[in-house]
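Only heavy atoms go into these numbers, but all of them, side chains included; no hydrogens, no water, no symmetry mates. Proteins get letters first, then strands, A, B, ... in listed order; numbering begins at 1 in each.
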Amino acid sequence: MSDASPRLDIATAPFLHRGLDTRRLMLEVLLSLAPVVVAAAWFFGVGALLIVAASSAGAVATEWVFHRGHRGHRGLGSLADGSALLTGVLLALTLPPSVPIWMAFAGGVVGVALGKTIWGGLGQNLFNPALVGRAFLQAAFPAALTTWTAPGQGFLDVASSTVAAPFAHGAVDVTTTATPLGMAKFEGKLTALAPMLFGNTGGSLGETSALILVLCGLYLLARRAFDWRLPASTLLTVAVVAEAMHWLDPQHNPGALFMLLSGGLMFGAVFMVTDPVTTPITPRGAWIYGLGVGVLVVLIRLYGGLPEGVMYAILLMNGATPLINRVTQPRRYGG
Amino acid sequence: MADGEASSVRLVASLGVAGLLSGVILVGVYLGTLPAIERNRAEAMTSAVYRVLPGTTRIETFEVRDGEPVRYEGPEGTLPKGEAVFAGYGEDGHLVGFAIPAEGSGFMDTIKLVYGYEPTDRKIVGMEVLDSRETPGLGDKIVSDPEFHANFDALATEPRIVPVKKGKKTAPNEVDCITGATISSEAVVRILNDSTGRWRPIVDRMLASGGASK
Amino acid sequence: MDLVWIFVSASLINNFTLAYFLGLCPFFGVTGRIVTAFRLGLANIFVMLITAVATWILNTFVLPYAPYLRLISFIVVIASTVQFVEMAIKKLSPALFRALGIFLPLITTNCAILGFALFATNRGYGLIQSLVYALGAGVGLMLALVLMAGIREENELATVPRILRGAAMSFFVAGILSMAFMGFAGLFHGK
Amino acid sequence: MSEPMEPGRFNRELRKGLWKENPIFIAALGLCPAMAVTNSLTNALVMGAATAFVLIGSSLMVSALRRAIPRQVRISIYIIIIATFVTSVDYVLAALLPTAHKQLGAFIALIVVNCIILGRQEAFASKNAPALAVADAVGMSIGFTLALSMIGAVREILGNGSLLGAKLLGAWYEPWAIMILPPGGFLTLGALLMFFAWLRERAERRPGAEDERRAA
Amino acid sequence: MRSSLATAGAATFRHGVHPEELKDATAKLPVERMPFVGEYVLPLSQHTGAPAVPIVVPGQRVARGQRVATAKGFISTALHAPVTGTVAAIEPRYHPSGTRQPAIVIRTDPFSSQRIETEPPPPPDSMTADDVVRAVQDAGLVGLGGAAFPTHVKLKVPEGKRARFAILNGCECEPYLTCDHRVMVERAHDVVEGLRIIMRRVGAERGYVGVEVNKPDAIAALEAVANGDGVEVVPLKVKYPQGAEKMLIEAIFKKEVPSGKLPLDVEMVVNNVGTAAALSDLFRTGQPLIERVVTVTGTGVRRPANVLVPIGTPLRDLLEFCGGLSADTRQVILGGPMMGQAQKSLDAPIVKGTSGVLAFTEPVPLVREEACIRCGRCLEACPMILNPSRLAAMVRKEDVDGLRGLNILDCFECASCSFSCPSHIPLVQLMRVGKAIVRQAAKK
Ligand SMILES: Cc1cc2nc3c(=O)[nH]c(=O)nc-3n(C[C@H](O)[C@H](O)[C@H](O)COP(=O)(O)O)c2cc1C
Ligand SMILES: Cc1cc2nc3c(=O)[nH]c(=O)nc-3n(C[C@H](O)[C@H](O)[C@H](O)COP(=O)(O)O)c2cc1C
Ligand SMILES: Cc1cc2nc3c(=O)[nH]c(=O)nc-3n(C[C@H](O)[C@H](O)[C@H](O)COP(=O)(O)O)c2cc1C
Ligand SMILES: Cc1cc2nc3c(=O)[nH]c(=O)nc-3n(C[C@H](O)[C@H](O)[C@H](O)CO)c2cc1C
Ligand code: SF4
Ligand code: SF4
Ligand code: SF4
Ligand code: SF4
Ligand code: FES
């Protein structure tokens, strides 16, 4: 034929796409973390930024070493998907403000290496990489990971422990405090709601301001970045179980509101319980998963040795996720 | 290896011979090592007893039978099989106090300890952890932390021992906890409270009946 | 000591597999499928309960007179009791036998069972405490087995780096699970 | 079966346990009864020695008696032999090294179920002359102890800053407590297994490795 | 969004996706008839089942509507000359599937009146069941909804089965397509007439026409003619793939056709609205299936239109009729954007199953596949409640047992999963591979 066909591209259906994109999703979550990082710096000074930078550097460097060969954008390898950076930032925000930056770096390395690389990289890991990094740090350096500095000290005051030389321990020479959960557990004192909402309490870098976290969560929800069932069932379970326990023994067990706003629960519910990779894939599974996390959180907080249990609750339910996926495998259509 | 079908007589015989030989060897080894083992066990305990009862030069061992201490009649340098408590005597023969082993749940696993109890003032005069699996760097400070151990040099046990935050100790019956190891510290206190609660009346009775004094 | 704490300690805090490294063989070997792991776990609980009774009897009535026979008698008595019970089940409930039977010879004297017997007697547990301890240890083992099986099934579809396949990966997974189980530390410690 | 020993056989049986058939790193056997006590080099060495004693003793016995033991009851008899050695070593350690014995606790007794020991009896000692059986047992024991010691050394250095109880790293060092906790055991062995798998893979990829294998 | 208010109360099925509808360019355009062109290409295989067998030879003269190939076996159907002309060749030609396949090529007689000389068959009610079925098969009728399944097969209810409900599929849930929409608006009477023929033939008590609520004019037109006597128009929420027959049944009756079963197993038959109109044509005028309505649209088409096209019209000519392709066209698709086939040559003809021709100027975006992040969006999209994420991983590991265990054969390749996947995993392609390897394993 003379009027030759135009050069036509060949591809297979579908030719339309919903427009969601994994890389954008990761960026979206990173973006929503910006206010959390700013709040951390506001309450805990520049040290917070150093820790975020160190942990991200550890995570990103590890990803780069192991996955630079992967197909990817502009020679970035698998770094391009942004998940390694996200892991680093999330890990940093779960660390105490006085943690040595070398530990933060080590946590980033372990999180990505043990939490992700050995499983085959993005999407194949079964445990939350940021929390694997944190659990490692907590078991390795339990003292450093349970020392809490008070918020609102000078912006430029960096605890000398923060800048301790690699592998060395450092003195915590700024005022320390107890977290609201620690106070509730070991001293029987409840923290007022306002500080827990706004964030001027002791605690991990990113977890102290429940208000900012709720707003981040709403933003991500609006952007459809996660399956809403996961945080919903987690928070709902904590509220219901905590309130029931409070009703049984008001003397020892704080009520639902305190439980929801204190500790890492809100941070975990918005950023970690929602990690698509390490949570059940089925909608029914999401409910079960949240239920499990919620029950374990209350169990550890009220009856465990540790004042806070969000990290362990999530890791344990990560471990149970394959089982949950199995039992909630969709039934056969029409059968 | 022996081939073919062996008769059942042979099977039983082989097993019997093996069992017999094994038994003979074991009895030999057991009897040969028993004194040393007993000595080690007793030494480990008595050295701790001397430490938790400062000023003790001689100790006497009591075997606990049906909850009551009975003077142990076994050979010198051995311990009774079951529970035991120890009375410590000073240079001049006065009763320094009792060393009482106790145990209870800690952060990770059971904590076993022995403490020195001075019955007149009803106070604890020393404490040593015999066995624990608490976290290295945190909970295991209950084993060696000198500041923590200083709590037990003269600790009133009545009405009960109370754990407080580090540096908050004001009363003689309070224990400064180890920072970052509140749980383990509280566990030690709980074990002590449980144990003194059980032993205080017994010891009082012993003293009243003159059972332990010399 | 409180039974709740014995149970929680044996199953969660000091999980036989994840804290004491016992029962690693089945943990790594028989955890290919969830159902198998579950059944093996059940069989394990069962054998531990039998062991609790058997060792308590030995420990109370025999060993005070011949302590040097402890190890040998544990092995022999556990193995033969389990075999006896196995035959009994075969007669009484063929269905139960089919579900658990094939695992019984596999575990009768593995380290978890013998370890349980040794720990229980070392701690001087009475009969009831021993049984609770057996239940706790068994449940903990089953939990570890089933979690591992789930992870392995899922992991089979992943592109795990070559040098990690097999034992190394299993150990890393066990390490992570073991870290996660540290969250149970101190649970019900006041008890 | 009075086989004339071919030259070099003894050495070969001795050496294979070190690396080529290393019970832990290659075969991943005998882990459970041993892993729990590898949180220090001292413990690892004591455990290795105790296991070696049992393994060598049992192998010698089984090999010497291999013609007297009837097939049908051989496993029971092996177990009796092994348990006898284990109980003995337990008592001897308690008498001589009470501190180490306390550290290892029930895990000494658990040597009895270490599958390496029964496995070597079944696979080797029962079929070979005492000299070879001992060579095999010694090799396996050394391989086993070496592996345990590697794990123990890594865990003690990182977890405590010391080796054999002697401070290696100064007071400045922040010990990694996890290494002497259970997860550290799993992670260390995992890392070592991975390291050796990597070494083996590299060796296989080395030019000439192919020819060697074909020649073998 | 447009339809969200109107849909309140309308029925639908579970899961599924909401692609942009993109039908505005042609939804209001009346169907135009396309003038005859010089050459027509009739692939022998353009229906489900065995290819037809030619009964003409090259050089032979054929009249418009004359049968030129006959069915081979029961699941097969006949072909008819779309024009009066001469058989030029029977040779391999481009087929919409992208391969070359045997086809009858007919050169148009430029001087013919192109009148159809067929006699209508007797009224269906006066014929025996088998005669009706044979008449439909001889007329080459196939489903116009996409699969081109021979219609006469559906009209023959096997011994022991019953068809209580006859359903017409007017969903047209694929974006862009408006051909069924126009047929329903312009030929509502014929559509309902066709439904009545089906109902009487299979003995159905009631008839339903399922129409998505984004076609209110179609609903109104159908309701105007469906004056009672057991025919009901059912408005449905807009959602893809509602047009898949199992989904349609689920939407209307809240009933699932079990895996591996046909609608008939739940006492229903489903046909496309266009098929019904063609059926009524057949019994009114005797015209066999020689033309169909095709939507031609997309950014690369200068003059989007709904066109009544003779079967066998080369793509090039149809596009020419619609103003030609714009010069920067990069992609031409036969069918809808969710299930259609990209074409590499414009020589391929319009076949009986072609519902749309889409041309786009944007190049196929170079999507980079990322790792599956197990977000579950594919699960929530899949109307057959499958687990595409896990199935895809299994396909890659060739885990045949796993695939079978998770019912991969239930997948009907609607591509909702691919559409939703943020990692751009070619899920539906992997499903096709997976179905193939499971079928192959079953054969062994
Ligand atoms: C990994 C890890 C191990 C711990 N181990 C112990 C322990 O063995 N004993 C203990 O009392 N607290 C331990 N803790 C700390 C307790 O959970 C708790 O935070 C502490 O007892 C509270 O003490 P504080 O009130 O002085 O902060 C550990 C914490 C972590 C994270
Ligand atoms: C082998 C086979 C046999 C079929 N038999 C019947 C039948 O007896 N009756 C019927 O109404 N449809 C029958 N169908 C048609 C299907 O119900 C369906 O309409 C056809 O496969 C096209 O559907 P689709 O366009 O949704 O893919 C059959 C289909 C196939 C593949
Ligand atoms: C994903 C999918 C979407 C479909 N959408 C439609 C549709 O919108 N309209 C339609 O008539 N047929 C559609 N079909 C075909 C129907 O399943 C079914 O085959 C058809 O309605 C039967 O009628 P027919 O044989 O007359 O074509 C679709 C099939 C699939 C697999
Ligand atoms: C909503 C959302 C939450 C995420 N949460 C985490 C997280 O808690 N920890 C983490 O390491 N990565 C998180 N990621 C990133 C990514 O999913 C994670 O690194 C994968 O587990 C790596 O395979 C998150 C991603 C998204 C989209
Ligand atoms: S028998 Fe015991 S020691 Fe041996 S592998 Fe099994 S669990 Fe481990
Ligand atoms: S017998 Fe051997 S292989 Fe089995 S569990 Fe014990 S050490 Fe492992
Ligand atoms: S798996 Fe099949 S049926 Fe399910 S959404 Fe994907 S293509 Fe459609
Ligand atoms: S939609 Fe894509 S990324 Fe999400 S679970 Fe499915 S396959 Fe994985
Ligand atoms: S128009 Fe609905 S899928 Fe074809």
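Inter-residue side-chain proximity for P426(E) and T12(A) is flagged as unmet; no heavy-atom pair is nearer than 4.5 Å. The shortest side-chain heavy-atom distance between L20(A) and R377(E) falls under the 4.5 Å cut-off. For the pair D21(A) and P422(E), the minimum side-chain heavy-atom distance is 4.5 Å or more.
A distance of 9.5 Å separates CE in M338(E) from NE2 in H17(A), rounded to the nearest 0.5 Å. A distance of 5.0 Å separates CG of L379(E) from CD1 of I281(A), quoted to the nearest 0.5 Å. Put simply, SG on C372(E) and CG on L122(A) are 9.0 Å apart, with the number rounded to the nearest 0.5 Å. Interatomic distance, OH of Y240(E) versus CG of L16(A), reported as 9.5 Å (0.5 Å rounding).
Of all heavy-atom pairs spanning F419(E) and P14(A), the tightest one is N-CG, 4.1 Å. Shortest non-hydrogen contact noted between V428(E) and A13(A) is CG1-O, 3.5 Å. Between P276(A) and C375(E) the shortest heavy-atom distance is CB-CA, 3.7 Å.
Interface remark: R331(A) contributes backbone and side-chain atoms alike to the contact with chain E (heavy atom separation under 4.5 Å). Contact of N325(A) with chain E is not made at all, since no heavy-atom distance falls under 4.5 Å. Neither the backbone nor the side chain of L358(E) comes within contact range of chain A, judged by heavy atoms closer than 4.5 Å.
Here E380(E) pairs with R229(A) in a salt bridge; the nearest charged N to carboxylate O distance falls below 4.0 Å.
Among V257(E), D410(E), L315(E), I385(E), the residue making the largest number of heavy-atom pairs under 4.5 Å with chain A is I385(E). Across G376(E), A415(E), P337(E), the residue that shares the most heavy-atom pairs under 4.5 angstrom with chain A is P337(E). Of the listed residues (T274(A), V277(A), T279(A)), the one with the most heavy-atom contacts under 4.5 Å to chain E is V277(A). With respect to chain E, the highest number of heavy-atom pairs below 4.5 Å among R24(A), Q329(A), R332(A) belongs to R332(A).
The environment of CZ in R224(A) is sparse: at most 12 heavy-atom neighbours from other residues, nucleotides or ligands sit within 6.0 Å. Enclosure of atom CZ in R107(E) is not indicated, since only 12 or fewer non-hydrogen atoms of other residues, nucleotides or ligands lie within 6.0 angstrom. Heavy-atom contacts from other residues, nucleotides or ligands closer than 6.0 Å to CZ of R223(A) number 12 or fewer.
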Intermediate values then yes/no, side chain to side chain donor-acceptor pair (under 3.5 Å), R18(A) and S420(E): CA-CA 5 Å; R18(A) 178 170 168 181; S420(E) 319; 4.8 Å; no
Verdict with supporting geometry, K246(E) and Y333(A), side chain to side chain contact (heavy atoms under 4.5 Å, CB included): CA-CA 10 Å; K246(E) 287 189 174 186; Y333(A) 189 86; 4.3 Å; yes
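A distance-only check finds a donor-acceptor pair linking the side chain of R374(E) to the backbone of Q124(A) [under 3.5 Å].
In terms of the side-chain hydrogen bond (donor to acceptor under 3.5 Å, both in side chains) criterion, Y40(E) has no residue partners (sequence neighbours excluded). For K397(E), the side chain to side chain contact (heavy atoms under 4.5 Å, CB included) criterion is met by L157(C), not counting sequence neighbours.
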